[in-house]
Student: 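Sending over a structure as structure tokens; questions will come in a sec.
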Amino acid sequence: QVQLVESGGGLVQAGGSLRLSCAVSGSIISINAMGWYRQAPGKQRELVAAITSGGIANYVDSVKGRFTISKNNAKNLVYLQMNSLKPEDTAVYYCNRRPREYDYWGQGTQVTVSS
């Protein structure tokens with residue numbers, strides 16, 4: 001019913017930047033509150049950034065000051081600008097509705113930060 005397609009990941013050196021995009025389509029009227037999640041090998045998926053329907057953003061402490069979440073409601077797109085990347089940021093990044101996540105999770109996009 002809902003499709004989530006993440007893109008923009010890649011391999012970067014520590015200190016570099018990357019911008020991720022999330023395209024939302026399917027049985028939706030419009031995007032509202034959304035979040036970015038990440039999952040590293042052997043670890044649980046964690047929420048790293050969220051944005052309310054009104055555009056208010058919140059972040060996990062480890063990415064505050066470095067990541068920025070934004071969205072374009074007209075285009076059903078959600079973005080995650082990542083600056084000053086660290087090796088600890090290496091993970092597969094996913095987007096989803098937050099709260100009330102859709103049952104379907106996309107393929108995610110791999111972010112690898114080298115030392």
Side-chain angles (χ1 to χ4, degrees):
Q1 311 122 273
V2 176
Q3 293 80 49
L4 303 166
V5 181
E6 301 91 347
S7 62
L11 173 63
V12 298
Q13 293 184 357
S17 297
L18 221 48
R19 186 167 102 142
L20 308 184
S21 296
C22 168
V24 186
S25 62
S27 301
I28 59 168
I29 298 174
S30 63
I31 59 173
N32 296 110
M34 297 291 292
W36 279 96
Y37 305 72
R38 67 186 181 190
Q39 186 168 29
K43 297 183 178 180
Q44 296 283 87
R45 178 155 45 208
E46 65 170 342
L47 177 71
V48 297
I51 186 166
T52 69
S53 59
I56 305 301
N58 283 285
Y59 308 90
V60 68
D61 287 343
S62 61
V63 308
K64 284 182 178 178
R66 301 188 297 118
F67 290 12
T68 303
I69 186 172
S70 61
K71 62 190 176 87
N72 185 320
N73 292 333
K75 297 182 178 181
N76 287 354
L77 292 172
V78 189
Y79 306 100
L80 185 67
Q81 178 67 48
M82 305 184 295
N83 299 325
S84 301
L85 283 163
K86 304 175 180 180
E88 305 89 83
D89 296 318
T90 295
V92 178
Y93 284 71
Y94 304 87
C95 64
N96 210 325
R97 184 169 63 179
R98 175 69 184 180
R100 299 182 63 217
E101 292 86 347
Y102 298 113
D103 290 337
Y104 173 83
W105 292 81
Q107 292 290 308
T109 186
Q110 176 72 53
V111 172
T112 302
V113 184
S114 62
S115 300

Student: Which heavy atom of Arg98 sits nearest to which heavy atom of Leu47, and what is that distance?
Tutor: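 Closest pair (atom of Arg98, atom of Leu47, distance): NE-CD2, 3.5 Å.
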
Student: With sequence neighbours excluded, give me every disulfide bond (SG atoms under 2.5 Å apart) pair touching residues 14-115.
Tutor: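 Counting only pairs at least two positions apart or across chains, the disulfide bond (SG atoms under 2.5 Å apart) contacts touching residues 14-115 are Cys22-Cys95.
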
Student: Tell me whether Leu77 is reachable from Trp36 by hopping between hydrophobic residues (I, L, V, M, F, W, Y) whose side-chain heavy atoms are closer than 4.5 Å.
Tutor: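 Not linked; separate clusters.
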
Student: Do you reckon Val92 sits in the same ILVMFWY cluster as Val60, going by side-chain contacts under 4.5 Å, direct or chained?
Tutor: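 Not linked; separate clusters.
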
Student: Return each pair, listed once, that meets disulfide bond (SG atoms under 2.5 Å apart) where at least one residue sits in residues 54-94; pairs must be two or more places apart or across chains.
Tutor: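 For residues 54-94, and leaving out neighbouring residues, there are no disulfide bond (SG atoms under 2.5 Å apart) pairs at all.
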
Student: Is there a chain of hydrophobic side chains (I, L, V, M, F, W, Y, each step under 4.5 Å between heavy atoms) that links Leu18 to Val5?
Tutor: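 Cluster IDs for Leu18 and Val5 differ.
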
Student: CD of Gln1 to OH of Tyr102: how many Å apart, nearest 0.5 Å?
Tutor: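 If we round to the nearest 0.5 Å, Gln1:CD and Tyr102:OH are 10.0 Å apart.
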
Student: Which pairs count as ring pair (Phe, Tyr, Trp, His ring centres under 6.0 Å) when at least one residue sits in residues 41-69, sequence neighbours excluded?
Tutor: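 Checked against ring pair (Phe, Tyr, Trp, His ring centres under 6.0 Å) - neighbours excluded - no pair reaches residues 41-69.
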
Student: Do the side chains of Val24 and Met34 get nearer than 4.5 Å, heavy atoms only?
Tutor: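 Yes; the side chains approach each other to less than 4.5 Å.
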
Student: Just list the side-chain donor-acceptor pairs under 3.5 Å for residues 103-110, sequence neighbours left out, or say none.
Tutor:
| residue | atom | partner | partner atom | Å |
| --- | --- | --- | --- | --- |
| Thr109 | OG1 | Gly9 | N | 2.9 |
| Gln110 | NE2 | Ala91 | O | 3.4 |
| Gln110 | NE2 | Thr112 | OG1 | 3.4 |

Student: Show me the pairs that pass side-chain hydrogen bond (donor to acceptor under 3.5 Å, both in side chains) and involve residues 45-57, at least two apart or across chains.
Tutor: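 For residues 45-57: Arg38-Glu46.
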
Student: If you round to the nearest 0.5 Å, how far is CD1 of Ile31 from NZ of Lys75?
Tutor: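 So the NZ of Lys75 and the CD1 of Ile31 are separated by 12.0 Å.
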
Student: Quick one: OH on Tyr94 to CD on Gln39, what's the gap to the nearest 0.5 Å?
Tutor: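 It is 5.5 Å, given to the nearest 0.5 Å.
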
Student: Which pair of heavy atoms, one from Glu6 and one from Leu4, lies closest together, and at what distance?
Tutor: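 Distance-wise, the nearest heavy atoms are OE1-O, 3.8 Å.
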
Student: Taking atom CD1 of Ile69 and atom CD1 of Ile56, what is their separation to the nearest 0.5 Å?
Tutor: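 It comes to 12.0 Å.
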
Student: Please report, to 0.1 Å, the donor-acceptor pairs under 3.5 Å made by any side chain of residues 78-88, with sequence neighbours excluded.
Tutor:
| residue | atom | partner | partner atom | Å |
| --- | --- | --- | --- | --- |
| Gln81 | NE2 | Asn83 | OD1 | 3.0 |
| Asn83 | OD1 | Ser17 | OG | 2.9 |

